[in-house]
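This report concerns only the one structure given below.
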Amino acid sequence: MLSKYPYRRQDFLASVVVFLVAVPLCVGIAVASGVPAELGLITGIVGGLVTGLMPGSSLQVSGPAAGMTVIVFEAVSEFGVGTLGVIVLFAGLLQLAMGILKIGRWFRAISVSVVEGMLCGIGLVIIAGQIYAAAGLKAPESGIGKIVGLPGAFADALGSTEAPISLVIGAGTIAVIVLWKKLPKAVQSVPGALAAVVLATLATLALSLPVATVQVDGLLGVIQPPGAEAFGELAGPAIWGTIIAFSLIASAESLFSAAAVDRLHDGPRTEYNKEMIAQGAGNTVCGVLGALPMTAVIVRSSANVAAGAKTKASRVMHGVWLLLFAAAMPWALALIPLPALAGILVHAGWKLIPFRQIAALWRGHKGEALILVVTAVSIVAVNMFEGVLIGLALAVVKTAWEASHVKLEVIDKGAGPVQVYLSGNATFLRLPKILDSLEALPQDRPVELDLSGLHHLDHACRTALESWAERHSAVGTEPVKITEPVKVTSAEKATANTWHR
């Protein structure tokens with residue numbers, strides 16, 4: 001029987017590592033999202049026991065993600081915790097539909113700059129918001145408000161007796177996480193985030209520090225399937241924008257994570273449509289339980305691969321350990337200081353900001369760097385969903401502009417007709433440049449306009465070129481001679497497609 005599980009030892013050890021990484025993150029993300037801490041654990045459990053069992057990506061681990069914190073907090077603030085289950089449920093159903101319709105692979109076509117910009121914006125909002133949490137202060141609701149209000153928050157904290165202590169615990173948590181990586185490998189077998197939380201908890205207990213801790217209601221006490229009132233919210237249009245945002249952002253994050261995890265191991269590659277279905281099934285169950293939305297999480301996934309996992313058994317077992325912990329040791333959650341969780345989220349937010357990618361893009365692709373920055377700033381200034389839409393729109397405009405590249409060459413030998421050659425893609429986006437060049441040609445000279453080098457000539461360009469030719473010919477010169485673009489036959493297209501395959 002055991003011969004059927006040749007990697008049981010590796011998967012078991014990996015599952016323990018992932019469990020230890022997941023506990024503080026599940027709790028911290030839930031608290032930062034404005035929901036009970038246990039809901040984060042429930043999402044982690046579903047990610048292991050439901051999504052973990054399904055086909056798609058064998059080694060990536062699912063659960064609550066820091067990248068969804070901002071949009072979940074916005075949804076809870078607007079609709080309430082009771083309606084969160086409905087939002088997650090329908091987002092999961094939408095993911096299932098997209099997976100069944102084989103739309104999953106199309107998420108790979110989303111501009112990487114938009115995704116990096118999304119993570120950057122989320123990271124900035126998380127960092128700003130969690131600084132308030134670390135000081136025990138209430139954060140402003142908007143992203144820009146959080147950042148602008150930081151100087152005032154620090155002034156308020158310095159005037160308090162408890163806030164500086166709370167800030168020291170948060171800063172100490174971050175310091176432990178950062179310095180933990182410099183310790184011997186044997187020590188690093190314990191995840192830095194877990195070590196930081198344990199040390200912060202022990203320090204708080206030993207010194208009787210006046211800081212807030214996690215409120216615990218018990219696993220069964222927080223499970224609230226959405227009721228009739230929550231489903232009634234579906235009658236309004238506002239909630240549907242949030243549902244679509246949940247499904248699209250969770251899907252994009254999961255599938256980009258899958259691509260990253262595939263580069264970390266030599267095992268089976270991700271089947272994107274099946275992974276979309278697995279994520280949808282997990283979110284559907286999370287919605288029924290009233291829990292947080294899930295995505296595949298690169299931190300837990302990379303820890304799983306690094307720990308030597310070979311099959312999906314590791315992520316399933318990590319869900320079992322989360323369930324046992326939440327059921328048997330809920331009292332342990334009540335000991336965790338909130339500023340320690342805020343410190344973990346500040347560190348997680350910092351990791352979301354792609355400093356190296358921004359620098360590399362600026363050196364080689366300034367347009368892509370601009371898209372990244374605009375997306376991030378839009379998320380901070382407006383909100384998550386609209387910020388991503390702005391980034392996507394900018395990426396589409398940039399692509400359309402680049403795709404409409406056209407080259408105009410004028411050859412004037414001093415006598416005879418002026419020869420003009422157009423090549424590339426002539427679209428309305430480049431029409432002003434083309435007309436400026438043509439209208440600058442001598443009016444008393446015949447012109448030969450050669451369009452045979454064009455791959456594409458849209459209707460607006462064709463109409464404008466014909467109008468210019470009529471105007472140029474109307475002053476008494478010879479009619480403009482136009483050489484039409486070469487038409488590719490169906491047989492030639494088939495030959496070209498065969499060649500490129």
Side-chain angles (χ1 to χ4, degrees), residues 1-30 37-66 177 180 185-198 219 254 257-258 260-262 264-268 270 274-275 278-279 281-282 285-286 291-292 294-330 332-333 344 348:
M1 180 69 177
L2 291 178
S3 61
K4 294 182 179 179
Y5 306 98
Y7 302 112
R8 57 188 180 278
R9 181 176 179 276
Q10 294 96 317
D11 288 335
F12 173 80
L13 293 175
S15 73
V16 174
V17 171
V18 177
F19 159 70
L20 295 175
V21 171
V23 168
L25 289 174
C26 287
V27 175
I29 290 167
E38 294 91 338
L39 289 183
L41 291 173
I42 290 172
T43 299
I45 292 166
V46 175
L49 301 184
V50 177
T51 304
L53 283 170
M54 300 184 71
S57 177
S58 60
L59 295 183
Q60 78 169 353
V61 182
S62 299
I177 295 173
W180 200 258
K185 291 290 184 182
V187 178
Q188 291 186 42
S189 60
V190 177
L194 180 66
V197 168
V198 171
L219 198 61
S254 295
S257 171
V261 173
D262 279 351
L264 299 177
H265 65 89
D266 299 323
T270 297
K274 290 183 179 180
E275 180 63 18
Q279 295 294 325
V285 174
C286 287
L292 288 173
M294 75 163 60
T295 76
V297 189
I298 189 62
V299 174
R300 273 158 267 184
S301 302
S302 58
N304 189 39
V305 175
K310 299 296 182 183
T311 72
K312 66 177 65 176
S314 62
R315 62 187 191 180
V316 175
M317 284 190 285
H318 118 276
V320 173
W321 310 145
L322 283 175
L323 176 59
L324 293 176
F325 172 80
M329 299 178 64
L333 297 177
I344 289 175

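Keep in mind it's a predicted model, so treat the numbers as computed, not measured.
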Report the C-alpha distance between V21 and L194 in whole Å, list the side-chain angles of each, state the deciding distance to 0.1 Å, and finish with yes or no for side chain to side chain contact (heavy atoms under 4.5 Å, CB included). CA-CA 7 Å; V21 171; L194 180 66; over 6 Å; no
For V261 and T270: C-alpha separation, side-chain torsions, deciding distance, then whether side chain to side chain contact (heavy atoms under 4.5 Å, CB included) applies. CA-CA 9 Å; V261 173; T270 297; over 6 Å; no
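Counting only distance, with no hydrogens or angles, the side chain of T51 and the backbone of A278 share a donor-acceptor pair below 3.5 Å. S314 places a side-chain N or O within 3.5 Å of a backbone atom of T311 that can act as its donor or acceptor partner. A distance-only check finds a donor-acceptor pair linking the side chain of T43 to the backbone of L292 [under 3.5 Å]. No donor-acceptor distance shorter than 3.5 angstrom exists from the side chain of Q10 to the backbone of G308, with no hydrogens or angles considered. Looking only at distances, no side-chain donor or acceptor of S15 sits under 3.5 Å from a matching main-chain atom of R315. Judged by distance alone, with hydrogens and angles left aside, the side-chain atoms of N304 form no donor-acceptor pair with the main-chain N or O of A309 at under 3.5 Å.
Expressed to the nearest 0.5 Å, how far OG of S57 lies from NZ of K312 amounts to 9.5 Å. Here the straight-line distance linking atom NE2 of H318 with atom CH2 of W321 works out to 11.5 Å at 0.5 Å rounding. In this structure, CG in D11 is found 9.0 Å from NZ in K310, a value given to the nearest 0.5 Å. Between the CE atom of M317 and the CG atom of L324 there is a distance of 12.5 Å, given to the nearest 0.5 Å.
Nearest heavy atoms, A296 versus S62: CA-OG, 3.8 Å. The shortest non-hydrogen separation linking I42 to A291 is CG2-CB, 3.8 Å. Considering all non-hydrogen atoms of both residues, L41 and A326 come closest at CD1-CB, 4.0 Å. Among all heavy-atom pairs drawn from A65 and I29, the shortest one is C-CD1, 3.6 Å. Considering every non-hydrogen atom in both P64 and R300, the closest pair reads O-NH2, 2.6 Å. Of all the heavy atoms in G63 and V297, the pair that sits closest is O-CG2, 3.7 Å.
Annotation: side chain to side chain contact (heavy atoms under 4.5 Å, CB included) contacts of L49 (sequence neighbours excluded): I45, V316, V320, L323. When the side chain to side chain contact (heavy atoms under 4.5 Å, CB included) test is applied to A348, the partners found at least two apart in sequence or on another chain are A66.
For the residue pair E275 / S254, no side-chain donor-acceptor distance below 3.5 Å is found, with atom types taken as modelled.
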